Amino acid sequence: MGVPRLLCRCSSVLAVVGLVLNVAGLCNGGITSSFVRKVEKTIDMPLDSDVFSVPPGYNAPQQVHITQGDHVGEAMIVSWVTVDEPGSDTVLYWSENSKQKKEAKGRVTTYKFYNYTSGYIHHCTIWKLKFNTKYYYEVGNGHTMRTFWFTTPPEVGPDVPYTFGLIGDLGQSFDSNITLNHYEFNPTEGKTVLFVGDLSYADNYPNHDNVRWDTWGRFTERSAAYQPWIWTAGNHEIDFAPEIGETKPFKPYSHRYQVPYKASNSTAPFWYSIKRASAYIIVLSSYSAYGKYTPQYKWLEAELPKVNRSETPWLIVLMHSPWYNSYNYHYMEGETMRVMYEPWFVRYKVDVVFAGHVHAYERSERVSNIAYNVMNGICSPVSDQSAPVYITIGDGGNLEGLATNMTEPQPKYSAFREASFGHAIFDIKNRTHAYYGWHRNQDGYAVEADSLWFFNRFWHPVDDSTSAQS
Ligand SMILES: [Fe+2]
């Protein structure tokens, strides 16, 4: 189902622009997709939806999810919730080729949020797993047992192929369910989800009704129990509600979703790094202090020089609020962090930055805007082959709906933009090549509405005239 996505490429196509109804003005930049979608309201799935169903059995574990548990992929954090009683903290696990069950011991926590009390939230790290191995695991020992499985990544190395999925701002609407379906059925199978923040959107309900954190956990279990989701905190994770006495930011999120931040010498779970296969992934927090001398600043300053591109050629950064965004939503909200960190991203040749927040899709050119020094007036983004590609993938489908209103004309830094729900795949082939594709929900599972070959600039330097374009 090919979709025409012309348009808007400077004066040579002015005649064509005039024929297209949904392009309001002239553009200096790249492509504003002409894809026309049915405009329907984005509404949350009701509480009695199948995808929210509670697993049967006394004290059955629910909301099962996993994430990487160490810096290199030999550990996995398994999390789940029980509601009748705390139950067992242990995870039983065994590799595909072994009948012998091993046991890992976890811990349980609970929290209160206004008039809501959580279930018993369990977190258990399984250490010393073998690379590239399928493991089964069981939770609910002693009462209702449930069995799941995952495959560990290959050992970290420069030529290890690996496939990441990208999802952001998912929520729990009917559209969210379509997004997750499309990800699951994408023939280019993602092995790990890089999630760029804004999970449940429970805070859009009265008193941040935390029941919607539980439903989100049950909804995403079908993927997150079988492959790791790498978490980034978004603004909907802050849950700061002084009007009802809730003044500790990130309380529900940090109780429910664990990350291996200590493994990268971080002092807080909102910024951290992992290695996975041939990728080095740095997660940043748009909603924690990032100015000079702050813990996040000092951590990132020390972190970037540690990245060994001979070992992990692909340097990926995740954050919630985008730095390059040409929609009229959250416009320039990421600007202050960009000013702080962009020179480092250019110096260390970050390959790609994935962000969310804006409920639409956008991919930038390789640009930087680091020359400005208050006096010189040089404050426009310029083409820069040392700069990352910036991708906004906040199009998971949450109840707030699509961001359809774009700045016009399309700025030069914007290579492709479209207001549709979807997900993306970053498919690393080897140390020199990775293939990226964006999939909108209206298309068949295999269709890419936008794509790009990435040529690794450490192993495959390119000059300015041959930028990595599709
Ligand atoms: Fe957001």
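From a predicted model like this one, the values you see are computed outputs, not experimental measurements. Sequence positions, counted from 1, serve as the residue numbers for this chain. As the structure lists them, so they are numbered: ligands from 1, and atoms in each ligand from 1.
For D198, the N/O/S atom at the shortest distance from the Fe ion (ligand 1) is named OD2. Restricting H357 to its N, O or S atoms, the one at the least distance from the Fe ion (ligand 1) is ND1.
No hydrogens or angles considered: nothing links the side chains of Y327 and R417 as a donor-acceptor pair under 3.5 Å. H123 and S79 form a side-chain donor-acceptor contact under 3.5 Å, judged by distance and modelled atom types alone. Under the 3.5 Å distance criterion, with hydrogens and angles disregarded, no donor-acceptor pair is assigned to the side chains of N456 and H433.
Between E303 and the options W271, Y280, Y272, a side-chain hydrogen bond (donor to acceptor under 3.5 Å, both in side chains) holds for only Y280. Screening Y324, W323, Y390 for a ring pair (Phe, Tyr, Trp, His ring centres under 6.0 Å) with Y413, the sole residue that qualifies is Y324.
Residue H330 does not count as close to the Fe ion (ligand 1), with no N, O or S atom under 2.8 Å. Taking backbone and side-chain atoms together, H320 has an N/O/S atom less than 2.8 Å away from the Fe ion (ligand 1). For the Fe ion (ligand 1), the set of nearby N, O or S atoms under 2.8 Å includes one belonging to N235.
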